[in-house]
Amino acid sequence: MEFRRLGRSGMKVSEISYGNWLTHGSQVEAEQATACVRAALEVGITTFDTADVYAGTKAESVLGEALKSTRRESLEIFTKVYWPTGKGQNARGLSRKHIIESCNASLRRLQTDYVDLYQAHRFDYETPLEETLKAFDDLVRAGKVHYVGVSEWKASEIQAALKIADDMGFDRIVSSQPQYSMLWRVIEGEVIPLCEKEGIGQIVWSPIAQGVLTGKYLPGQAPPEGSRATDVNGGDKMIARWLRDDVLERVQRLTPLADEAGLSLAQLAVAWVLANPNVSSAIVGASRPEQVRDNAAAAGRKLDADLLAKIDEVLDGVVTSDPAKTESPATRP
Ligand SMILES: NC(=O)c1ccc[n+]([C@@H]2O[C@H](COP(=O)([O-])OP(=O)(O)OC[C@H]3O[C@@H](n4cnc5c(N)ncnc54)[C@H](OP(=O)(O)O)[C@@H]3O)[C@@H](O)[C@H]2O)c1
């Protein structure tokens, strides 16, 4: 495994991290979830990403249980707050009330006294930004959170948060967690240039486009049994946008390029996001331990300029790059 600094912070993260959205507490049984976490630790992954909302809070409990016998100081545990964790007006969003309550609940479920990174899962237009940042800063001062970050915030929102933090002496955001893959490049236009300037690292999600960039979904054919596209707990809806024949055909055309580079398609997808120096870590998901091992082998693999250009040629026309697609709900969900 290789390690990178999380933005300009002094904390290092494994360049491949393991996330448990849609899998733990939902798609796979606890035993399988634990086997994936064990495989992640075996290949040298030290960074784990979850969220209060995943599997209706169950994903944090599964991860906490799976990691509880591992030395805490050897791990970086990340979680998030914003999406609803229960009924009620205040069980959501980025108010001071919800942030503090949700953080305490996450710590209980994760069986830890602190998380290494606490992230605003989206931007909350119904809470003053100062209130959110002050609550985050208080958690840092209380020792419950080591660093703070955001997810899917626009460049202008990150910029506004940095200004408030600098004016008020609050802890600065060190990370941004956007969707980023060969197919979804919306952060390249605005978020990455700002973050490079401000020392913020990207921890990117769905680098394999939820499994689509493994090439296992074939155009015109039913999805393989047991894959996310057949997961009726919600995975099928999440992946649906990528299951278009035009996209799947192009992905198949990446196979000879991956072969030439001596990589599996999944490894090519992970190495592709890591080729961007502003990316601190690629968060991969996995429903099986062998997927973790396959994906983690992308660590340290460099792609040359010629290969990157050929990938762009193959995917021309199916890549999304519009910065306006970095979005948060207009009102709290
Ligand atoms: N901040 C946010 O808003 C946000 C949103 C989404 C995700 N995330 C984070 O990002 C993490 C990763 O997201 P993701 O799960 O969509 O990432 P991904 O790595 O793009 O997709 C993971 C899924 O693809 C399939 N897969 C992965 N490797 C494979 C391989 N080698 N061979 C065959 N199939 C393979 C598996 O699904 P099947 O086996 O079921 O097909 C696996 O669960 C999440 O766990 C979460 O921590 C954050």
Side-chain angles (χ1 to χ4, degrees), residues 4-9 11 13 15-17 19 21 47 49 51 76 78-83 94 116-125 127 129 132-133 136 147-167 170-210 213 238 241-242 269-285 303 308 311-312 315 318-330:
R4 296 185 181 192
R5 279 170 67 190
L6 183 58
R8 205 184 279 155
S9 83
M11 182 169 70
V13 293
E15 66 176 22
I16 295 171
S17 38
W21 175 58
T47 307
D49 183 76
E76 301 82 45
F78 299 176
T79 193
K80 319 186 193 78
V81 56
Y82 169 85
W83 294 102
L94 299 178
D116 296 280
L117 180 71
Y118 200 48
Q119 304 158 98
H121 212 153
R122 290 293 181 274
F123 194 88
D124 180 0
Y125 298 101
T127 301
L129 188 48
T132 297
L133 297 174
F136 274 6
Y147 296 94
V148 292
V150 299
S151 173
E152 293 295 336
W153 283 26
K154 293 180 189 301
S156 56
E157 293 162 349
I158 295 173
Q159 181 89 72
L162 291 174
K163 173 149 189 1
I164 292 171
D166 290 345
D167 288 352
F170 295 159
D171 213 63
R172 266 181 145 230
I173 291 165
V174 298
S175 64
S176 150
Q177 186 178 132
Q179 180 176 182
Y180 189 49
S181 69
M182 286 183 209
L183 294 169
W184 190 263
R185 307 186 189 183
V186 306
I187 54 172
E188 288 179 351
E190 295 176 4
V191 169
I192 286 187
L194 172 73
C195 289
E196 277 173 340
K197 187 160 78 71
E198 297 290 349
I200 293 172
Q202 311 298 321
I203 314 158
V204 306
W205 60 268
S206 294
I208 312 172
Q210 303 194 40
L213 286 168
M238 293 296 176
R241 94 158 90 119
W242 294 121
V270 175
W272 186 91
V273 297
L274 290 171
N276 188 314
N278 190 231
V279 171
S280 297
S281 187
I283 319 172
V284 300
L303 308 183
L308 292 170
I311 292 171
D312 287 349
L315 296 179
V318 294
V319 170
T320 306
S321 304
D322 179 4
K325 302 261 185 198
T326 295
E327 292 177 297
S328 296

Fill in the blank from the handout: Heavy-atom closest pair (Ala120 atom, Trp153 atom, distance to 0.1 Å) is CB-CZ2, 3.7 Å

Problem - Flag for Ser206-Gln179: side-chain donor and acceptor within less than 3.5 Å - result: no

Practice task
Show your reasoning for whether side-chain contact (heavy atoms from CB on, under 4.5 Å) applies to Ser176 and Val191.
Solution key: CA-CA 9 Å; Ser176 150; Val191 169; 4.0 Å; yes

Problem - Shortest non-hydrogen separation from Ala282 to Val273 and the atoms involved - result: CB-CG2, 3.7 Å

Handout entry: Donor-acceptor contact below 3.5 Å, side chain Asp49 vs main chain Gly19
Key = no

Handout entry: Tyr125 to Pro329 - nearest heavy-atom pair and separation
Key = CD1-O, 3.2 Å

Exercise for the section: Report yes if some heavy atom in the side chain of Ile283 is under 4.5 Å from a heavy atom in the side chain of Phe78; otherwise report no. Expected result: no

Handout entry: Side-chain touch Arg172/Asp166, heavy atoms, less than 4.5 angstrom
Key = yes

Exercise for the section: May I have the step-by-step check of side-chain contact (heavy atoms from CB on, under 4.5 Å) for Val174 and Leu117, ending in yes or no? Expected result: CA-CA 9 Å; Val174 298; Leu117 180 71; 4.0 Å; yes

Fill in the blank from the handout: Here the pair of heavy atoms bringing Thr127 nearest to Asp124 is OG1-OD2, 2.7 Å

Exercise for the section: Answer with yes or no whether the side chains of Ser281 and Thr47 bring together a donor and an acceptor at under 3.5 Å. Expected result: no

Exercise for the section: To the nearest 0.5 Å, tell me how far Leu133 CG sits from Asp167 CG. Expected result: 11.0 Å

Exercise for the section: Using a 4.5 Å cut-off on heavy atoms from C-beta on, say whether the side chain of Arg4 contacts that of Leu274. Expected result: yes

Exercise for the section: Take Asp116 and Met11, measure what side-chain contact (heavy atoms from CB on, under 4.5 Å) needs, and give me the verdict at the end. Expected result: CA-CA 9 Å; Asp116 296 280; Met11 182 169 70; 3.9 Å; yes

Exercise for the section: Could you give me the CA-CA distance, side-chain angles and deciding distance for Asp322 and Arg185, then say whether salt bridge (charged side-chain N to carboxylate O under 4.0 Å, His left out) is met? Expected result: CA-CA 8 Å; Asp322 179 4; Arg185 307 186 189 183; over 6 Å; no

Exercise for the section: Examine the side chains of Asn278 and Gln202 and answer whether a donor and an acceptor come within less than 3.5 Å of each other. Expected result: yes

Handout entry: Option among Glu327, Arg122, Gln119 that satisfies the side chain to side chain contact (heavy atoms under 4.5 Å, CB included) test with Glu152
Key = Arg122

Practice task
Could you pull out the closest heavy-atom pair between Leu6 and Ser9, with the gap in Å?
Solution key: O-OG, 2.8 Å

Handout entry: Which atom of Pro178 lies closest to which atom of Ile187, heavy atoms considered
Key = CB-CG2, 3.5 Å

Problem - Spacing of CH2 belonging to Trp272 relative to CG belonging to Asp312, to within rounding of 0.5 Å - result: 7.0 Å

Problem - Check: Phe136 ring centre within less than 6.0 Å of Phe170 ring centre - result: no

Problem - Pair Glu76-Tyr147, side-chain donor/acceptor within less than 3.5 Å - result: no

Practice task
Taking the side chain as every heavy atom from C-beta outward, state whether Gln210 and Met238 have any atom pair closer than 4.5 Å.
Solution key: yes

Exercise for the section: Return yes if a side-chain donor-acceptor contact under 3.5 Å exists between Ser151 and Gln177, otherwise no. Expected result: no

Practice task
Look at the side chain of Ser280 and the backbone N and O of Ile203, then say whether any donor-acceptor pair between them is shorter than 3.5 Å.
Solution key: no

Problem - Any donor-acceptor N/O pair, Glu198 side chain to Cys195 backbone, under 3.5 Å - result: no

Problem - Residue pair Trp184, Trp242: steps toward the side-chain contact (heavy atoms from CB on, under 4.5 Å) verdict - result: CA-CA 10 Å; Trp184 190 263; Trp242 294 121; 3.8 Å; yes

Exercise for the section: Would you mind reporting whether Leu183 and Leu213 have side-chain heavy atoms less than 4.5 Å apart? Expected result: yes

